[in-house]
Structures are given as C-alpha cells and as structure tokens.
Number of protein chains: 2
Amino acid sequence: MSTAAGQSQHEAGPARPVRRLRRAERREQILDAATRAFARAGYAATGLDDIAAEAELTRAMLYRHFDSKADLYRAVLDRACTRLAEATGADNFDDDAIPALLRAAAADPDGFRLLFRYAAREPDFRELIDSITAASREVGRRNLARVIPEGPWLDWAANLIPAFTLEAVIAWLDAGQPDSDQAADRITAAVHGVMAAAHPTP
Amino acid sequence: MSTAAGQSQHEAGPARPVRRLRRAERREQILDAATRAFARAGYAATGLDDIAAEAELTRAMLYRHFDSKADLYRAVLDRACTRLAEATGADNFDDDAIPALLRAAAADPDGFRLLFRYAAREPDFRELIDSITAASREVGRRNLARVIPEGPWLDWAANLIPAFTLEAVIAWLDAGQPDSDQAADRITAAVHGVMAAAHPTP
DNA sequence: TTACATGTATACTTTGCCTTCTACAAGTGG
DNA sequence: CCACTTGTAGAAGGCAAAGTATACATGTAA
C-alpha cells in the first residue's frame, strides 16, 4: 500500500499541492513569518520549529536561506530597521515625526513591535537598533535643552520622551490602529504634555 | 608542595576566610545577587554561572537553596512582587499612588526594573506579575471611563497610562533618583498631560 | 571532640535545541 | 527528456548550559 505509487507527503488529506516560490520570494516570505514569530516572544523564546511552522515550511528550508538562527534574526531586524527608516524618512523630528512613526508602525506592525518591545532589550542584538534609538534620544535632548537646564532632569526627560512616544504608538497598534490622524494629534498633544511636566517650575 | 597541609582553596592569595551565613540569610543574599544578575539581561540570557559569580558562590550552592533555575527566578520575582505590594500598600490609585510607586522603586530598584523591563515580556513568567499590571490597567480604565467614551481610544489610554507611569519611574531610576518629591510632582503632571491628550476634543 | 551545616572544587551526565546530512519527490525551463 | 531548483521527511551530530555527584574543608554548637 504505502510503497505503491509514491504519494507526496505521508498520504495525509487531499494532498496540498506544495507552494513553490522562487528563491527571493521565499526568502521574503520566511522573513515575514519569522518577524511574526519573533514578535510574539523575542529571540530566545522562539524556536526554529516555531518559525518553520509559521512559514509552513520545514526547518531544513530555513537553512537553505539563512546560515543560522542568529543570521535569520539579524536579517529580520535589518529589514525592519530599513523599512522603519524608509517610512519615517530622514525627517529630523519636525512636526511630521509622529505621523511618520505611525505610518511606519502601520506599514509593519510586527517589525515595529519586535524592534522596540524585544530587540531593544536583547544584549546581543541591541546594537542593531541602537543607531535609531540613540539618534532619537539625541534629537530629543537637543530640543529639550532649550527649556530644561542641564542635569538629571534633562537626562530623565530625554530618555522618557522617546520611550513614551514608542509606547504610545505600540498601544495604538494594540488598540487596533483607530484613525491615524487623530492618533497623531493625541500623541503629539501627549508628548507636549509630558514636556510641559518635565519643566522645573512654571 | 601542593599536597602538603590541606590549604583551603587553590592556595590563591591571602586565603579569603570564606563567608559563612545561616541558611535563611544565604538564601536572601542569593536572591539579592540573582535579582541584580537577572536585571541586567533577563531570564534566558543569564546563566547560573553569572548568578553564582554575582553571589560570590559556586553553582552547587545555588542548588542547595533552589531546585532549578526556573525555581530561583520565580522566587526572585515573587519577592520583588511582594516588596512592591508592601511598598505601595493596597492603595487603589489615589493621589498617593505615584509617590508610593517611587518609594517602591527606590527600595528595590533592581527588582523593579526586572519586573517591568524583562519579566513582563517573558511568556513563561508574565503570569507572575499579570495580577499587578492587570489591576493597574483596570483601575486606570475605570478612572478614564469618566472622561473618555467606550471604544478603542479608551483601550489605548488605559493601556498607555500605566505603561507610561512605569517608564517614567524607570527613567527616574536611570537618571539617578533625583529628588523624589519633585519626581512625584513631575510624573503626576505628566500623567495628567497624557490623560488630557487622550480626550477626544477640548 | 564530635556531629552537622555550610562551603569549595571539579568532574560527570542529561537535555534541549541548533545544525547538518542523507534520501527522495515533484514542478519548471531549455 | 534532462538538469536544476524547490520542496519534504526525518535521522543524526554537536554544543552550550542545566543539573547531579562526589570528595573534601572548616566554622559552630551540643
């Protein structure tokens, strides 16, 4: 029976026809799946089996596209960083900064969450997004330095405001991305509120 | 030479006299060290060797006090939760909530950071602090429900405000814990700023 | 001084998961 | 038809870190 005419896999069900993709497309599809999988639990807590399952492939295929788990993760993070940079543009924190962030987050929610909820806290990979976070902190600090004197409170505000902005964007994703124009207004207002509170005294 | 009269350890240096503690105290000291070690990189990225080194003990001793790495981690988190609950009191988010949070964070900075920077994102242990975060979200939601209509924006604000408060406290720890009274004022003001921004229209 | 709790030191086993390898099946294009 | 690519299936291999075991040293208290 089983050795008769070679049936595809395990003779289960109506024999799904096996999706074939060309190399470059499969690579992208794997990156998509890996982004989703990693975004659920971070690097360490995500096994290659989870990723393979998410991509509906075997583990072996992952190794035909990436040298190692770390390599795959780096590729995922790199792509997410690139997309983020593209979607936000080289905009140096002018008034369009927050709408740009929202666009970026909406364009790649899993990548966004992965970058800022997990990768930012993973010692081995933090460096990959440090350029971004360091830049935003620096810009924030320069803006704040006009109204807050040098000292621990400036440090506090300069760290807090970018972190808060990201939290607000992620909370917006979690809330189902309602009305992005309104979201931009609310987040902008909230950031101003935090900045006002960061002042020493009125 | 080396086999002469049994010298304590490896004949290195002036033979540190070996700190002996009674079981309960050693346990606490291990929990302290483990809290510091885990607070640097989270559960997965911290080895038992890191903890042993931090505690200035051998790995073997860790197993005389805890059954496993997971058991040790749970003990660390439990203690941090307990301390947090004690330091904040059962105060249901009245005006003293933020000063209480600052007191708690100052009393156990490593535990505080560990709970909210790492444990909150670790699938296997998230449950241990969920009672806390869920409660704070719920209280926040009830307060907000008076000024924000039911819907995604209420969800957004109810998630964001507790997260923001914690970020603000951690940023205060990172900034060197300057003047906790002023910190309470600024964070309270900032929270109000965020709440104001969360309203639909002025 | 004897018994025990606390500690060091180090070698060993186990386990989980990444990683590699082999064998085979089936679409695709020249 | 044939070479090539893309795919499955599953068995080993290998390694790092968790966990176990044994032997010995030394304060402390009955």
Side-chain angles (χ1 to χ4, degrees), chain A residues 2-30 33-34 37-38 41-53 55-76 123-124, chain B residues 2-30 33-34 37-38 41-75 123-124:
Chain A
S2 68
T3 54
Q7 58 272 70
S8 53
Q9 72 256 27
H10 247 236
E11 57 185 308
R16 174 172 54 108
V18 178
R19 277 283 169 273
R20 285 174 67 99
L21 298 180
R22 279 191 305 281
R23 188 169 176 78
E25 299 163 42
R26 180 58 80 189
R27 186 188 153 94
E28 287 302 302
Q29 185 254 335
I30 290 174
F38 282 129
Y43 180 75
T46 303
L48 288 179
D49 290 324
D50 300 318
I51 298 164
E56 298 184 292
L57 280 176
T58 56
R59 253 183 349 217
M61 280 308 295
L62 301 180
Y63 282 101
R64 297 223 191 147
H65 289 267
F66 301 96
D67 289 341
S68 66
K69 186 187 176 186
D71 183 46
L72 170 56
Y73 194 57
R74 256 183 282 272
V76 165
D124 294 351
Chain B
S2 66
T3 56
Q7 58 273 67
S8 52
Q9 71 259 29
H10 243 240
E11 59 182 311
R16 175 172 52 110
V18 179
R19 278 283 168 269
R20 282 173 69 97
L21 297 180
R22 280 191 306 279
R23 188 171 175 78
E25 300 163 41
R26 179 59 79 189
R27 186 188 153 93
E28 287 302 299
Q29 186 253 336
I30 290 174
F38 282 130
Y43 180 75
T46 302
L48 288 179
D49 289 324
D50 299 319
I51 297 164
E54 183 73 35
E56 298 184 292
L57 282 176
T58 55
R59 260 202 343 269
M61 280 307 295
L62 300 180
Y63 282 102
R64 297 220 193 152
H65 289 267
F66 301 94
D67 289 342
S68 66
K69 185 187 177 187
D71 183 46
L72 170 55
Y73 194 57
R74 256 183 285 271
D124 293 351

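Order of the sequence lines fixes the chain letters, A, B, ..., with proteins taken first and strands second; residue numbering starts at 1 for each chain. Side chains included, hydrogens not; waters and symmetry mates left out as well; all remaining heavy atoms used. A quick note: this is a predicted structure, and the numbers were derived from the prediction, not measured.
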Q: For residues Leu48(B) and Leu62(B), report the shortest heavy-atom separation together with the two atoms involved.
A: O-CD1, 3.7 Å

Q: Rounded to 10°, tell me the angle between the two end axes of the helix from dT1(C)-dA30(D) to dG30(C)-dC1(D), each built from five pairs.
A: 0°

(Q) If I take atom CD in residue Glu56(B) and atom C1' in nucleotide dT6(C), what distance separates them, rounded to the nearest angstrom? (A) 16 Å

Q: Would you indicate, yes or no, if dG7(C) has its OP1 or OP2 atom less than 4.0 angstrom from a side-chain nitrogen or oxygen of Arg26(B)?
A: yes

Q: Would you mind reading off the distance between Leu62(B) atom CG and dA18(D) atom P, rounded to a whole angstrom?
A: 10 Å

Q. If you find the nucleotide of DNA chain C closest to Gly47(A) and the one closest to Arg64(B), which residue's nucleotide is nearer the 5' end?
A. Arg64(B)

Q. Between Arg59(B) (CZ) and dA9(C) (C1'), how many Å, whole number?
A. 11 Å

Q) Can a donor-acceptor pair under 3.5 Å be found between the side-chain atoms of Arg19(B) and the base atoms of dG7(C)? A) no

Q. Quick one: does Met61(B)'s side chain get under 4.5 Å of Glu56(B)'s, heavy atoms only?
A. no

(Q) What is the distance, to the nearest angstrom, from the CG atom on Leu48(B) to the C1' atom on dT20(D)? (A) 13 Å

(Q) With nearest nucleotide decided by heavy atoms, which residue, His65(A) or Arg20(B), maps closer to the 5′ end of DNA chain D? (A) His65(A)

**Q.** Position toward the 5' end of DNA chain D (nearest nucleotide), Arg22(B) or Ala60(B)
**A.** Ala60(B)

(Q) Rounded to whole Å, please give me the gap between OH in Tyr63(B) and P in dG7(C). (A) 17 Å

Q: Round to the nearest Å and state the distance from Glu25(B) atom CD to dA5(C) atom P.
A: 16 Å

Q: Tell me, please, which residues at least two apart from Asp49(B) pass side-chain contact (heavy atoms from CB on, under 4.5 Å).
A: Arg59(B)

